[in-house]
Amino acid sequence: MNSAIHAAGLWTGLCILLLLVLSGLTSANRRKHKVSIGDGGKAEVAAASRAFGNAAEYMPIALIGLALMALTGFAPVWIHAVGGSFFLGRVLHAWGMFVTREGRPPAVQRMAGMLLTYFPLLGAAGALIWCFFCH
């Protein structure tokens, strides 16, 4: 039993659930505003759609990074650090998308969420590159 793989599995599972929640919120907003395709010019639909889309854009590479970190022998603590901060970043970013209002600066949650998306991705990239040169 490889606990690093289990750690990667935990964060992958949570990211999948978050993606499903964001997809459901997009669908709910489309139904609420009677929009069948796109955002219909409705800010709430656009925000929900972009929260989902943004998560869908970043999650695959982050989850590949977690799996590769686990498979190359990184300790579970590193998998949890990268996976947990990435997941928190995605939750914060989505929350920020829902509270940001048109014509106003992005919500602090959204900005914090992007930082907690970029830093774990950068950490995973650095760890995997380091692994190549040091093993």
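As the structure is a prediction and not an experimental result, all values here were calculated from the model. Quick note: numbers below take in every heavy atom, side chains included, and nothing from hydrogens, waters or symmetry partners.
- A chain of hydrophobic side-chain contacts below 4.5 Å, direct or via other Ile, Leu, Val, Met, Phe, Trp or Tyr residues, connects W78 to I61.
- Side-chain contact check for Y118 versus F86: every heavy-atom pair is 4.5 Å or farther apart.
- Distance check: L18 CG to L88 CG gives 10.5 Å after rounding to the nearest 0.5 Å.
- Environment of CE in M111: sparse, with no more than 12 heavy atoms of neighbouring residues, nucleotides or ligands closer than 6.0 Å.
- S85 contributes a side-chain N or O that, together with a main-chain N or O of A81, makes up a donor-acceptor pair within less than 3.5 Å.
- No side-chain donor-acceptor contact under 3.5 Å links S23 to the backbone of L19.
- In this structure, T72 and W130 have side chains that are not in contact, with every pair of non-hydrogen atoms separated by 4.5 Å or more.
- M69 and L116 sit in two unconnected hydrophobic clusters of ILVMFWY residues. Membership requires side-chain heavy atoms under 4.5 Å apart, directly or through other members.
- R30 contributes no side-chain N or O that, together with a main-chain N or O of L25, makes up a donor-acceptor pair within less than 3.5 Å.
- Between V35 and G40 the shortest heavy-atom distance is CG1-N, 3.6 Å.
- Under a 4.5 Å side-chain heavy-atom cut-off, the cluster of Ile, Leu, Val, Met, Phe, Trp and Tyr residues that includes V108 has no other member.
- Pairing each heavy atom of A124 with each of V82, the nearest pair is CB-CG1, 4.2 Å.
- T100 places a side-chain N or O within donor-acceptor distance of the main-chain N or O of A107, the cut-off being under 3.5 Å.
- Under the rule for a side-chain hydrogen bond (donor to acceptor under 3.5 Å, both in side chains), the partners of W11 that lie at least two apart in sequence or sit in another chain are H80.
- Side-chain contact between F87 and P120: absent, with no pair of heavy atoms (C-beta onward) separated by less than 4.5 Å.
- Grouping the Ile, Leu, Val, Met, Phe, Trp and Tyr side chains by contacts below 4.5 angstrom, directly or via other members, places F119 apart from F74.
- Atom CG of L121 sits about 9.0 Å away from atom CG of L66, to the nearest 0.5 Å.
- The same ILVMFWY cluster, assembled from side-chain heavy atoms under 4.5 Å apart, contains both M59 and V21.
- Once rounded to the nearest 0.5 Å, the distance linking CG of L63 with CD1 of I16 reads 7.0 Å.
- Ion pair E57/R50 flagged as a salt bridge, since at least one NZ, NE, NH1 or NH2 atom sits closer than 4.0 Å to an Asp/Glu carboxylate oxygen.
- When all heavy atoms of L22 and A94 are compared, the closest pair comes out as CD2-CB, 3.6 Å.
- In the hydrophobic cluster analysis, where Ile, Leu, Val, Met, Phe, Trp and Tyr join through side-chain heavy atoms closer than 4.5 angstrom, I64 is grouped together with L128.
- In this structure the side chain of M114 reaches within 4.5 angstrom of the side chain of N54, judged on heavy atoms.
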- request: Would you please test Q109 and H93 for side-chain hydrogen bond (donor to acceptor under 3.5 Å, both in side chains) and show each step?
  value: CA-CA 6 Å; Q109 299 94 325; H93 181 268; over 6 Å; no
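- Between I5 and L71 the shortest heavy-atom distance is CD1-CD2, 3.5 Å.
- For T26 (side chain) and A48 (main-chain N/O), a donor-acceptor pair under 3.5 Å exists by modelled atom type.
- Closest of all the heavy-atom pairs between A7 and P76 is CB-O, 4.4 Å.
- Taking every heavy atom of both residues into account, F98 and A51 meet most closely at CE1-CB, 4.1 Å.
- For the atom pair SG (C15) and CG (L10), the distance works out to 9.5 Å, reported to the nearest 0.5 Å.
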